[in-house]
Amino acid sequence: MIPAKKNKNLQISLLEWYDRAKREMPWRKTRDPYLIWISEIMLQQTQVKTVIPYFERWVSAFPTVRSLAEADESRVLKLWEGLGYYSRARNLRKAAQLVVDQFDCKIPNTLKEIMTLPGVGRYTAGAILSIAYKKKVPVLDGNVKRILSRLFRLAENGASTSSQKILWKTAEEILPEERTGDFNQALMELGATVCLPSKPGCLFCPLQTYCEAKLNGDQHLYPPSKPKALSKKIEVSAGVIWRGGKIYIQQRLKDGLMADLWEFPGGKIEPGESPEECLAREIREELGVEIQIQNKLMTIKHSYTQFRVTLHVYKCRLLKGKIKAVSCQQWKWVDSNLLSQFPFPAANKRIVDSLS
DNA sequence: AACACGGGGTT
DNA sequence: AACCCAGTGTT
């Protein structure tokens, strides 16, 4: 809980700052729910500067919900051209038709109803209700998350569901009774112009005397950075080749990634290739033999620093050919209960564990 | 909870 | 080049 007095003072300071420092934006000259709605959709993941010309053109082309509802989709998309996330435009048109048909041409003014419109999630719903209808409803976007995290030293970055929940709750608690729409916009404005992600301008911040992170001098620690996105995903096949009670393994080259470790043969699945096709190809290329795939043993997901690997593991046997391994230091046929003596990379280790 | 969706700005 | 951004819908 936020102490009532602190909350009140903080609200006053922020609103004073907003009145003084807010930037001019076309949608700040209106309280038409339709126009507020359009602006909020356009502003999703899109910067103000980019949105302004699109908004102006849109208002001229579709000044009312009805004009949008009656427009051809191709014309709507043409106006959106270059703005990205095109489903926003398609949803906007669909939602406009819903508003005309089911809500008597009026943008709904309750959270429950407005969120039935395609493209309107909790953020957008909160923005429209608070700005256009003066309802006391919070918003939570990237800016507000960052500010709340710093203001209350919340170790939340919004990554998990529970973290989201805490942030929404806080966004609600902090809300003033009056001027809720301005207050919400003020939070976002502060996040966009002062409380920046990397270099927060605390010296110019109207909330500097309330901000727990600033008071502790550790504002740079909030919000805690999200775990690095595991950008690249790769799919790999590996084969457990049995011959007379023994299993084939090979030792990786002495340089490079996971040097000198042992592994099961296999490789990366190429586009359009099935895991089985991949395995047969890789073994043909690396060992010079043909194999028969008997059955799938397991699927392993494993994260490396730079990759997230899905490893498809198959039990196989040799069909024909004599093994002559390339791109490995040496190879061995090993009794399954001796496999664990050899060092394997983590993902391969899980195959070993299942075999012994 | 992870992912796709897009383009532009920042580091 | 990676990361971030006034998010939402789908799986």
Side-chain angles (χ1 to χ4, degrees), chain A residues 18 22-28 35-55 58 77 79-95 98 111 114-132 137-149 156-165 167-168 171 180-201 220 222-235 301 303 305-310:
Chain A
Y18 181 66
K22 72 178 175 203
R23 294 168 292 175
E24 288 276 307
M25 298 177 195
W27 46 89
R28 284 185 176 161
L35 297 182
I36 301 297
W37 171 39
I38 299 302
S39 72
E40 289 301 338
I41 299 293
M42 287 186 168
L43 285 163
Q44 289 170 7
Q45 302 291 291
T46 311
Q47 305 210 322
V48 170
K49 200 179 110 191
T50 310
V51 166
I52 290 176
Y54 282 91
F55 180 80
W58 187 282
L77 286 172
L79 256 115
W80 203 271
E81 195 174 53
L83 200 52
Y85 283 128
Y86 295 92
S87 65
R88 292 186 294 176
R90 288 189 291 269
N91 282 336
L92 219 31
R93 175 168 167 273
K94 231 177 289 168
L98 257 174
L111 207 49
I114 202 168
M115 284 185 70
T116 65
L117 301 178
V120 178
R122 189 161 173 198
Y123 163 79
T124 306
I128 298 171
L129 291 189
S130 66
I131 297 170
V137 182
V139 296
L140 185 66
D141 69 354
N143 286 321
V144 179
K145 285 180 192 170
R146 185 170 60 255
I147 291 176
L148 295 180
S149 168
E156 312 299 332
N157 57 24
S160 66
T161 308
S162 62
S163 164
Q164 295 268 2
K165 216 169 171 179
L167 289 167
W168 273 107
T180 308
D182 283 342
F183 182 81
N184 281 337
Q185 292 187 82
L187 282 173
M188 297 189 275
E189 187 82 358
L190 190 68
T193 61
V194 178
C195 194
L196 303 172
S198 55
K199 279 198 226 167
H220 58 287
Y222 293 87
S225 51
K226 300 182 184 184
K228 284 254 186 292
L230 303 164
S231 47
K232 289 178 182 117
K233 288 178 296 180
I234 54 174
E235 301 244 343
K301 288 180 190 293
S303 299
T305 320
Q306 332 163 11
F307 302 110
R308 184 156 30 164
V309 177
T310 303

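Please read these numbers as outputs of a predicted model, since none were measured by experiment. Per chain, numbering begins at 1; letters A, B, ... match sequence-line order.
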* Expressed in whole Å, how much space separates the C1' atoms belonging to dG9(B) and dT8(C)? -> 22 Å
* Asked: Ile128(A) has an atom CD1; how far is it from atom C1' of dA6(C), in whole Å?
  -> 12 Å
* Asked: Across the strands shown, which category fits Val144(A) at heavy-atom distances under 4.0 angstrom: base, sugar-phosphate, nothing?
  -> nothing
* Closest-nucleotide ordering on DNA chain B, the 5'-leading residue of Lys199(A) and Leu83(A) -> Leu83(A)
* **Residue whose nearest DNA chain C nucleotide is more 5′ - Ala125(A) or Arg146(A)** => Arg146(A)
* Which atom of Ala89(A) lies closest to which atom of Leu77(A), heavy atoms considered -> CB-CD2, 4.0 Å
* To do: Could you check Ser87(A) against Lys49(A) and say which one's nearest nucleotide on DNA chain B is further toward the 5' end?
  => Ser87(A)
* Asked: Arg122(A) CZ to dA6(C) C1': how many Å, rounded?
  -> 16 Å
* Check every strand shown and say whether Arg90(A) touches a base, only sugar-phosphate, or nothing at a heavy-atom separation below 4.0 Å. => nothing
* To do: May I ask you to evaluate whether Tyr86(A) reaches the phosphate of dG7(B), defined as a side-chain N or O under 4.0 Å from OP1 or OP2?
  => yes
* Asked: So among Met25(A), Glu189(A), Met188(A), which one has a side chain to side chain contact (heavy atoms under 4.5 Å, CB included) with Val48(A)?
  -> Met25(A)
* **Gap between atoms OH and P, on Tyr85(A) and dC3(B) respectively (whole Å)** => 14 Å
* Close residues, residues 37-46 of chain A, relative to DNA chain B [heavy-atom separation under 4.0 Å] -> Gln45(A), Thr46(A)
* **Value in whole Å for how far the C1' atom of dG7(B) lies from CG of Leu77(A)** => 16 Å
* What's the closest nucleotide to the Asn143(A) side chain, out of dG8(B), dA6(C), dC5(B)? -> dA6(C)
* Can you name the closest pair of heavy atoms from Ser149(A) and Pro223(A) and give their distance? -> OG-CA, 3.1 Å
* Asked: To the nearest 0.5 Å, what is the distance between CD (Gln44(A)) and OG1 (Thr46(A))?
  -> 8.0 Å
* To do: Check the distance between dA6(C)'s P and Ile36(A)'s CD1 and give it to me in whole angstrom.
  => 18 Å
* Asked: Which part of the nucleic acid does Met115(A) contact within heavy-atom distance under 4.0 Å: base, sugar-phosphate only, or nothing?
  -> nothing
* **Option passing side chain to side chain contact (heavy atoms under 4.5 Å, CB included) with Thr124(A) (candidates Ile114(A), Ile41(A), Asp141(A), Leu117(A))** => Ile41(A)
* Structure fact -> Looking only at dA6(C), dC4(C), dG6(B), the nucleotide nearest the Val48(A) side chain is dA6(C)
* Between dG6(B) and dC3(C) - C1' atom distance, rounded Å -> 15 Å
* When you compare dT11(B) with dA6(C), how far apart are their P atoms, in angstrom units rounded to a whole number? -> 14 Å
* To do: Mind calculating the distance between CG (Asn184(A)) and C1' (dG7(C)) to the nearest angstrom?
  => 16 Å
* Asked: Which nucleotide, dG6(B), dG9(C), dG7(C), lies nearest any side-chain atom of Tyr123(A)?
  -> dG7(C)
* Would you give the length of the straight line joining atom CH2 of Trp37(A) to atom CD1 of Ile128(A), rounded to the nearest 0.5 angstrom? => 7.5 Å
* Could you check how far NZ of Lys165(A) sits from P of dA1(B), rounded to whole Å? => 11 Å
* Compare the minimum distances between each of dC5(C), dG9(C), dG6(B) and the side chain of Pro197(A), then state the nucleotide with the smallest one. => dC5(C)
* Determine the contact category for Gly191(A): base if any of its heavy atoms lies under 4.0 Å from a base atom, sugar-phosphate if only primed atoms, P, OP1 or OP2 are that close, otherwise nothing. => nothing
* Structure fact -> CG (Leu190(A)) and CZ (Arg146(A)) are apart, to the nearest 0.5 Å, by 9.0 Å
* Report the distance from atom CG of Leu140(A) to atom CG of Leu148(A), rounding to the nearest 0.5 Å. => 6.5 Å
* Shortest non-hydrogen contact from Val51(A) toward Leu43(A) -> CG2-CD2, 3.8 Å
* Asked: Considering only the C1' atoms, how many Å lie between dC5(B) and dC5(C), rounded to the nearest integer?
  -> 14 Å
* Please report, rounded to the nearest Å, how far the C1' atom of dT10(B) is from the CD atom of Gln47(A). => 9 Å
* Asked: Out of dG7(C), dA6(C), dT11(B), which has the shortest distance to the side chain of Ser198(A)?
  -> dT11(B)
* Asked: Does OP1 or OP2 of dG9(C) have a side-chain N or O of Arg88(A) closer than 4.0 Å?
  -> no
